[in-house]
Amino acid sequence: MSEPAANPAATSFPAPTISLPLGLEILRTYSGALMCLEILFGGLVWILVASSNVPVPLLQGWVMFVSVTAFLLSSAYLALLITGLADRINTDWNFLDVVYHFIALLFYFAAFVLEAATTAANGGAHIKPTLNSTEVVMCITYPRGNIFTVLNERQYSINVAATIFAFVVTLCYGCSMFMGFKRWRM
């Protein structure tokens with residue numbers, strides 16, 4: 001008698017490929033620490049842009065979309081690694097790690113540039129109340145581009161902080177992509 005044929009479904013899929021540790025051990029690696037920083041600083045970008053007055057909704061809407069989406073996807077990815085579910089899903093996690101961080105890097109770089117453009121478009125406008133009056137006097141200088149925003153000092157500071165944190169998150173995604181690429185090529 002011949003031997004029974006092997007189940008093709010069991011032999012056609014490779015075992016999951018992941019070189020990161022699973023469980024809480026992921027937090028002890030540089031990649032895990034960078035993912036935590038991506039989530040933390042990405043959440044700060046989200047909060048800061050939401051708390052600003054959103055002077056240019058078209059530009060800052062993209063920043064909000066990127067920060068919220070990347071925050072949720074990075075949190076889900078870290079949760080997959082911490083819970084160990086990544087070991088049960090048959091895929092090349094090292095490749096997916098590189099692709100995810102590359103796309104997140106591109107999107108966050110665009111968000112950083114747009115947030116910086118919104119902040120830089122303040123144009124030198126100053127809003128300050130006159131003495132002994134309830135009227136508001138606005139001094140506007142000549143705008144430097146097609147987009148011109150009028151931000152008070154608080155809103156301007158919030159947008160500057162959001163720009164800085166968006167740059168930090170962009171760097172974190174870039175470092176994660178580089179480390180993921182090294183793991184994928186090994």
Side-chain angles (χ1 to χ4, degrees), residues 1-51 57-119 161-186:
M1 300 212 77
S2 66
E3 293 185 33
N7 185 357
T11 59
S12 64
F13 294 109
T17 306
I18 187 164
S19 57
L20 287 171
L22 298 175
L24 292 176
E25 292 296 315
I26 185 70
L27 300 177
R28 293 185 180 175
T29 65
Y30 288 121
S31 295
L34 277 173
M35 278 190 263
C36 290
L37 290 176
E38 292 162 5
I39 293 167
L40 176 71
F41 292 139
L44 281 175
V45 171
W46 175 12
I47 291 168
L48 289 169
V49 172
S51 67
L58 183 63
L59 300 182
Q60 288 186 306
W62 176 254
V63 177
M64 282 295 290
F65 169 75
V66 169
S67 62
V68 171
T69 304
F71 177 85
L72 293 175
L73 289 176
S74 292
S75 298
Y77 182 52
L78 186 61
L80 275 173
L81 294 174
I82 288 176
T83 59
L85 290 175
D87 198 30
R88 296 182 183 181
I89 302 171
N90 291 328
T91 189
D92 187 0
W93 285 101
N94 293 329
F95 176 72
L96 286 179
D97 185 50
V98 172
V99 170
Y100 168 69
H101 283 103
F102 176 71
I103 292 171
L105 172 69
L106 288 179
F107 278 27
Y108 242 107
F109 182 73
F112 157 68
V113 169
L114 292 176
E115 182 63 29
T118 302
T119 305
T163 303
I164 291 169
F165 284 122
F167 179 71
V168 170
V169 174
T170 303
L171 287 178
C172 288
Y173 277 113
C175 291
S176 291
M177 184 196 69
F178 178 72
M179 290 190 314
F181 184 76
K182 285 176 57 176
R183 278 193 309 274
W184 177 52
R185 284 281 136 214
M186 291 180 119

Colleague: What pair of heavy atoms forms the shortest contact from L114 to W62, and how long is it?
Modeller: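 That would be CD1-CD1, 3.4 Å.
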Colleague: Can you give me the closest heavy-atom contact between T170 and A166, atom names plus distance?
Modeller: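 In terms of heavy atoms, the two residues are closest at OG1-O, 2.7 Å.
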Colleague: Nearest 0.5 angstrom please: I103 CD1 to M177 CE, how far?
Modeller: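 Between atom CD1 of I103 and atom CE of M177 there are 11.5 Å.
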Colleague: Is the backbone of V66 close enough, under 3.5 Å, to the side chain of T69 for a donor and an acceptor to pair up by distance?
Modeller: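 No.
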Colleague: Atom NE2 of H101 and atom CG of L96: how far apart are they, to the nearest 0.5 Å?
Modeller: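 With rounding to 0.5 Å, NE2 (H101) is 11.5 Å from CG (L96).
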Colleague: Evaluate the ring planes of Y100 and Y173, with Trp represented by its six-membered ring, and classify them as parallel (under 30°), tilted (30 to 60°) or perpendicular (over 60°).
Modeller: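 Aromatic pair Y100/Y173 classed perpendicular.
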Colleague: Please table the atom pairs, donor to acceptor, closer than 3.5 Å between any side-chain atom in residues 28-45 and protein atoms at least two apart or in another chain.
Modeller:
from: T29; atom 1: OG1; to: I26; atom 2: O; distance (Å): 2.7
from: T29; atom 1: OG1; to: G32; atom 2: N; distance (Å): 3.0
from: S31; atom 1: OG; to: R183; atom 2: NH1; distance (Å): 2.7
from: E38; atom 1: OE2; to: S176; atom 2: OG; distance (Å): 2.6

Colleague: Under 3.5 Å, side chain of W93 to main-chain N/O of A86, donor-acceptor pair present?
Modeller: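 Yes: the side chain of W93 pairs with the backbone of A86.
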Colleague: Return the CG to CG distance between L22 and L85, rounded to the nearest 0.5 Å.
Modeller: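 Those atoms lie 9.5 Å apart.
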Colleague: Can you list the steps and then say if T163 with F167 is a side-chain contact (heavy atoms from CB on, under 4.5 Å)?
Modeller: CA-CA 6 Å; T163 303; F167 179 71; 5.9 Å; no
Colleague: Can you see which heavy atom on Q60 is nearest to which on T118, and at what distance?
Modeller: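 It is CD-CG2, 3.8 Å.
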Colleague: At their closest point, which heavy atom of D97 faces which heavy atom of G180, and how far apart are they?
Modeller: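 Residues D97 and G180, closest heavy atoms: OD2-CA, 3.5 Å.
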Colleague: Distance check, rounded to the nearest 0.5 Å: L81 atom CG versus L24 atom CG?
Modeller: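 Separation between the atoms: 11.5 Å.
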